[in-house]
There are 2 protein chains.
Amino acid sequence: MSASPSTSASSAPTSARRPRADAQRNLATVVAAAKEVFAESGVDAPMREIAARAGVGVGTIYRHFPQRSDLVKAVFTTEVDAAAADAPAIAAAHSPGDAVAAWLVRYTRFVAAKRGLGAALHSGDTAYAALPDYFLGTLGPVLRDLLDSAEAAGEIRSGTEPEDLLVAVSRLSSGQDAAQSERLVHLLVDGLRYGAAR
Amino acid sequence: MSASPSTSASSAPTSARRPRADAQRNLATVVAAAKEVFAESGVDAPMREIAARAGVGVGTIYRHFPQRSDLVKAVFTTEVDAAAADAPAIAAAHSPGDAVAAWLVRYTRFVAAKRGLGAALHSGDTAYAALPDYFLGTLGPVLRDLLDSAEAAGEIRSGTEPEDLLVAVSRLSSGQDAAQSERLVHLLVDGLRYGAAR
DNA sequence: AACTATACGGAACGTGGTTCCGTTTTCGCA
DNA sequence: TGCGAAAACGGAACCACGTTCCGTATAGTT
């Protein structure tokens with residue numbers, strides 16, 4: 001209880017020094033810049049462009065994010081969490097079956113806005129291997145709840161894994177045509193309804 | 001009607017010379033090499049690797065295929081045509097609704113085998129913009145026939161565009177897990193069956 | 001104020017796509 | 001059969017980008 005006044009419980013007691021303030025400032029700046037650049041130019045945007053926008057050197061970015069995918073992950077973590085947080089409101093506003101569809105469409109729009117993210121997620125590039133895990137780990141349980149409710153109401157068939165569905169929707173949404181993406185997702189959701197208990 | 005003796009009806013009468021034999025030989029060699037390399041290393045394989053395998057310089061490849069996507073297109077044209085040619089046999093062997101599903105699964109396996117092709121197709125990269133057009137132009141009518149038959153038989157709903165379906169299936173098949181891809185496609189096809197005329 | 005661990009910035013390196021150009025080969029014609 | 005020009009070849013050269021490295025600047029400690 002001597003040093004570290006504000007932040008709750010840090011990690012290693014070996015070092016006495018506090019993390020430098022400029023480092024934390026820069027980290028936040030980099031993430032904000034990356035969020036903008038990803039939205040404009042896709043997740044494959046040049047690192048130098050992100051560095052320039054943040055007003056730092058590329059070395060600084062690599063210091064904080066040794067892998068490019070770490071930066072991508074950091075940027076999208078907050079948005080994934082937001083999608084997860086929306087589920088209760090959507091569940092309250094629709095019938096259980098429609099809630100599944102509505103939440104997936106919302107997820108669609110989120111994925112579609114990130115040019116190239118879907119492709120990167122499923123490219124087989126091992127550098128991005130951790131990203132699907134995060135998405136699935138966070139959103140899988142959320143969707144499972146929605147599916148369970150809809151199943152219990154007899155509105156959709158049983159036996160569909162939420163992870164499959166998330167993968168499917170993110171892939172279907174990987175294009176630029178938002179209207180088409182939405183059509184495809186609706187078609188998929190109707191597949192869930194086929195053979196429901198009724 | 002004076003020159004050009006052998007080849008039936010060529011194009012421009014402006015030039016007198018025939019295309020050089022070595023050029024045509026090399027073109028065939030390059031396409032064959034690219035087919036092998038794409039299958040092994042994906043469509044993003046280095047150009048130099050393809051050139052080395054074909055025993056030519058990279059300049060030779062760029063002479064024949066100014067855009068990388070032109071080479072990809074050349075390589076896959078034959079396989080797309082093969083998928084199109086299979087449709088009649090599949091239609092004959094199944095009920096109309098099952099034929100749609102069976103042909104789409106066959107198409108799934110074809111797309112899944114080309115590592116990275118699906119991602120490239122829908123990456124938004126303008127260099128690849130011509131590829132979807134070729135796929136859709138060739139396979140769209142084929143699938144439309146299958147859909148029309150299934151609709152007429154009352155086995156699937158009406159109003160689904162074959163182009164949407166092809167896009168959807170190629171995206172769903174873009175991963176490495178073939179079993180998962182097949183599950184997703186089946187789910188999508190069941191979406192077609194939902195709300196059929198019965 | 002001096003010291004040192006930490007972080008910074010950007011030059012440097014490796015890789016891969018694409019272009020350019022001097023050299024080689026094919027083909028039409030005499 | 002030999003010649004000349006057009007066509008094609010090959011690979012060096014150039015550029016863009018991801019990633020690493022290291023000399024310099026600075027926050028935090030004493």
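Chain letters run A, B, ... following the sequence lines, proteins first, then strands; residues in each count from 1.
One interatomic measurement links the two molecules: CD1 of A:Ile61 to P of C:dG9, which rounds to 10 Å at whole-angstrom precision. Spacing between atom CG of A:Asp22 and atom C1' of C:dG9 amounts to 13 Å, rounded to whole angstrom units. The distance from atom CD of B:Glu49 to atom C1' of C:dG16 is 12 Å, rounded to the nearest whole Å. Distance, A:Ile50 CD1 to D:dC17 P: 12 Å, rounded to whole Å. Across the protein-nucleic acid pair, B:Met47 atom CE and D:dA13 atom C1' stand 17 Å apart, rounded to whole Å. The distance between atom CG of A:Asp70 and atom P of D:dG18, rounded to the nearest whole Å, is 15 Å. At whole-Å resolution of the value, CZ in B:Arg63 and P in D:dG11 are 15 Å apart. If you measure from atom OH of B:Tyr62 to atom P of C:dC21, you get 18 Å, rounded to the nearest angstrom.
A:Ala99 and A:Ala91 make their closest contact through CB-CA, 4.0 Å (heavy atoms, listed as atom of the first residue, atom of the second, distance).
For the pair B:Arg193 (side chain) and B:Ile156 (backbone), a donor-acceptor distance under 3.5 Å is absent.
Looking at B:Arg183 and A:Glu161, no side-chain N of the basic residue comes within less than 4.0 Å of a carboxylate O on the acidic one, giving no salt bridge. Between A:Glu40 and A:Arg53 there is a salt bridge, with a side-chain nitrogen of the basic residue lying less than 4.0 Å from a carboxylate oxygen of the acidic one.
Under the side chain to side chain contact (heavy atoms under 4.5 Å, CB included) rule, A:Leu188 has a single partner from B:Leu188, B:Leu184, B:Asp190, which is B:Leu188.
Contact annotation for A:Ala51: no contact, since no heavy-atom pair falls under 4.0 Å across all strands. Residue contacts for A:Ala54: at a heavy-atom cut-off of 4.0 Å it reaches no nucleic acid atom on any strand shown. Looking at heavy-atom distances under 4.0 Å, B:Arg48 makes contact with a base. Across all strands, B:Val58 comes closer than 4.0 Å to base atoms (heavy-atom distances).
Interface remark: the A:Arg68 side chain does not form any donor-acceptor pair with the D:dT19 base, using a distance-only criterion of under 3.5 Å.
Comparing atom distances between the B:Arg25 side chain and each of D:dG18, D:dG10, C:dT26 picks out C:dT26 as nearest. Minimum atom distance to the side chain of B:Pro46 is reached by C:dG17, of the listed C:dC8, D:dA8, C:dG17. Of all nucleotides listed (C:dC8, D:dT20, C:dG17), C:dC8 comes nearest to the side chain of A:Ala23.
At D:dA8, none of the side-chain N or O atoms of B:Asn26 fall inside 4.0 Å of OP1 or OP2 (strictly under the cut-off). Under 4.0 angstrom from either OP1 or OP2 of D:dA8 there lies no side-chain N or O belonging to B:His64. The side chain of B:Thr60 places no N or O atom within less than 4.0 Å of a non-bridging phosphate oxygen (OP1 or OP2) of D:dA8.
Map B:Leu27 and A:Arg20 each onto its nearest nucleotide of DNA chain D; the residue landing nearer the 5' end is B:Leu27.
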